[in-house]
Amino acid sequence: MTKQPGSSAAAESDRSTPAGDATARREDTSVDAIAEAAGTTGKADAGTSTDAYGGVAPALAPGAPVLAILALGWLAAMLWSTREVISSAAAGLTAISLSAFALPGVISAALVSGAAFALFGVDLLARRGSERVTLRFVAAIGTGLLVGLAAAFAINLTYADNATTNVIAGTTAAAATIGGAIAGARSGPVVGAVLAAALGTLIFVVAFSQARDPLFDLFGGGDGQESLLSAAKWVSRTESLLAGLVAGLLAFGYLALARRRAARHDAATPAPRWPTYLLAGAGPGLLLLLAEVIIRVGGRSLLDLAGALSEADAVAQTSLGTSRIDNGIWVLFVGALTAMIAFGRTLGPAHADDDEPVEATTTR
């Protein structure tokens with residue numbers, strides 16, 4: 001039986017053709033979606049991109065050049081102030097003691113500046129399309145090493161030529177190199193948030209020194225030894241609490257800025273979840289504890305030399321070391337809690353499951 005133009009078989013054939021075209025179009029759309037997800041369409045934004053192997057490239061940290069400049073400026077300020085304090089000492093024993101007191105500030109600044117400058121370097125590599133993990137990590141370490149060598153050269157060039165100078169220079173170079181290794185992590189915004197918060201915390205601690213004496217009197221620092229110790233403890237806790245608040249707020253603000261920038265380039269960019277804010281808020285405290293490890297390992301000879309000057313110096317060095325550890329722990333927990341609370345306040349109210357059937361019934 002032949003198919004006539006007006007027969008039902010011909011009509012069925014005509015109807016099957018649009019259906020076949022629709023199926024083909026859906027297959028083409030699926031192929032395009034798979035290709036776009038694999039990164040073969042060449043689409044990329046400032047927050048994330050795809051490499052040649054279909055992997056997601058490291059996210060870029062906003063304001064990395066500004067952060068690097070500020071961190072390097074802070075390191076230069078710490079080196080200059082330390083040199084002025086040491087050179088003003090009349091006797092060699094006093095210079096040793098002052099060098100031990102100034103070492104933590106220099107090491108913390110070197111750790112942050114090495115990481116910040118390395119973050120800027122690896123972001124440049126990512127913008128140029130170099131997204132290999134090994135290359136990023138090696139470049140970060142190399143950049144941090146360059147910062148450390150430059151700082152060590154400046155110390156040996158401007159400080160007095162003695163054993164303490166060599167200890168400060170070597171420990172500073174090591175801290176900057178370790179900071180560069182930290183910047184090799186793939187999550188650029190998180191690293192940037194940690195560094196911005198850590199830099200702000202270091203600046204706050206130095207600025208807070210102007211308020212220590214009034215607070216010391218406020219907390220009852222009198223002539224007795226017990227009252228002096230109690231007042232010093234409360235001043236230290238107040239400083240650590242406020243530093244943790246500063247760290248958490250700065251970390252949250254930086255991540256919020258990075259989220260808005262990524263959303264401007266691609267509205268479909270997923271928002272950071274709560275573990276990201278938790279890590280960013282705790283990061284400055286972790287860096288302070290890491291700096292203490294570097295001080296105790298690299299600067300051990302200087303600390304031992306300063307502690308051997310007298311019994312009072314030994315007690316002072318032990319007390320300062322314990323205070324730095326306590327401060328790092330306080331900043332870690334308070335910073336993490338502050339960032340989490342700030343993130344929680346940005347979340348909308350959760351919808352209860354009991355509301356869904358009511359909405360469905362109303363729609364019908």
Considering only heavy atoms from C-beta outward, does the side chain of [X] approach that of [Y] to under 4.5 Å?
X	Y	value
Thr338	Val246	no
Leu290	Leu286	no
Val315	Thr318	no
Ser310	Asp313	yes
Leu202	Leu288	yes
Leu79	Arg83	no
Ile69	Phe117	no

With a 4.5 Å cut-off on side-chain heavy-atom distances among I, L, V, M, F, W and Y, is there a chain of contacts connecting [X] to [Y]?
X	Y	result
Val167	Leu75	yes
Val334	Tyr254	no
Trp330	Val235	yes
Val206	Val112	yes

request  = For the pair Phe343 and Tyr277, name the ring-plane relationship: parallel under 30°, tilted 30 to 60°, perpendicular over 60°.
outcome  =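 Ring orientation, 0 to 90° scale: parallel.
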ask   = Quick one: ring pair (Phe, Tyr, Trp, His ring centres under 6.0 Å) pairs with a partner in residues 141-166, sequence neighbours left out?
value =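 Listed by first then second residue: nothing to list.
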request  = Report yes or no: do Asp326 and Ser323 form a side-chain donor-acceptor pair below 3.5 Å?
outcome  =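 Note: Asp326 and Ser323 side chains miss the donor-acceptor criterion.
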query = Where is the tightest heavy-atom contact between Leu103 and Gly299, given as atom of each residue plus distance?
reply =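 Smallest heavy-atom distance, with atoms named: CD2-CA, 4.0 Å.
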Least distance between heavy atoms, Pro104 atom then Arg324 atom =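 Shortest heavy-atom separation between Pro104 and Arg324 comes out as CG-NH1, 3.5 Å.
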query = Around Phe208, counting heavy atoms of other residues, nucleotides and ligands shown, do more than 12 lie under 6.0 Å from its CZ?
reply =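 Correct, the count exceeds 12.
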task = Tell me, yes or no, whether the heavy-atom count around Phe204 atom CZ, taken from other residues, nucleotides or ligands under 6.0 Å, exceeds 12.
result =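 Yes, because the 6.0 Å sphere around CZ of Phe204 holds more than 12 heavy atoms from other groups.
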query = Does Arg237 make a cation-pi contact with Trp234, if we ask for NZ or CZ under 6.0 Å from the ring centre and within 45° of the axis?
reply =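 Yes, Arg237 sits over the ring of Trp234.
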Once you round to the nearest 0.5 Å, how far does [atom1] of [X] lie from [atom2] of [Y]?
X	Y	atom1	atom2	value
Leu72	Ser113	CG	OG	5.5 Å
Leu302	Gln317	CG	CD	8.0 Å
Ile295	Thr171	CD1	OG1	9.0 Å
Ser236	Leu241	OG	CG	11.0 Å

message = Tell me if a side-chain donor or acceptor on Ser81 pairs with a main-chain N or O of Met78 at a distance below 3.5 Å.
response =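 Present.
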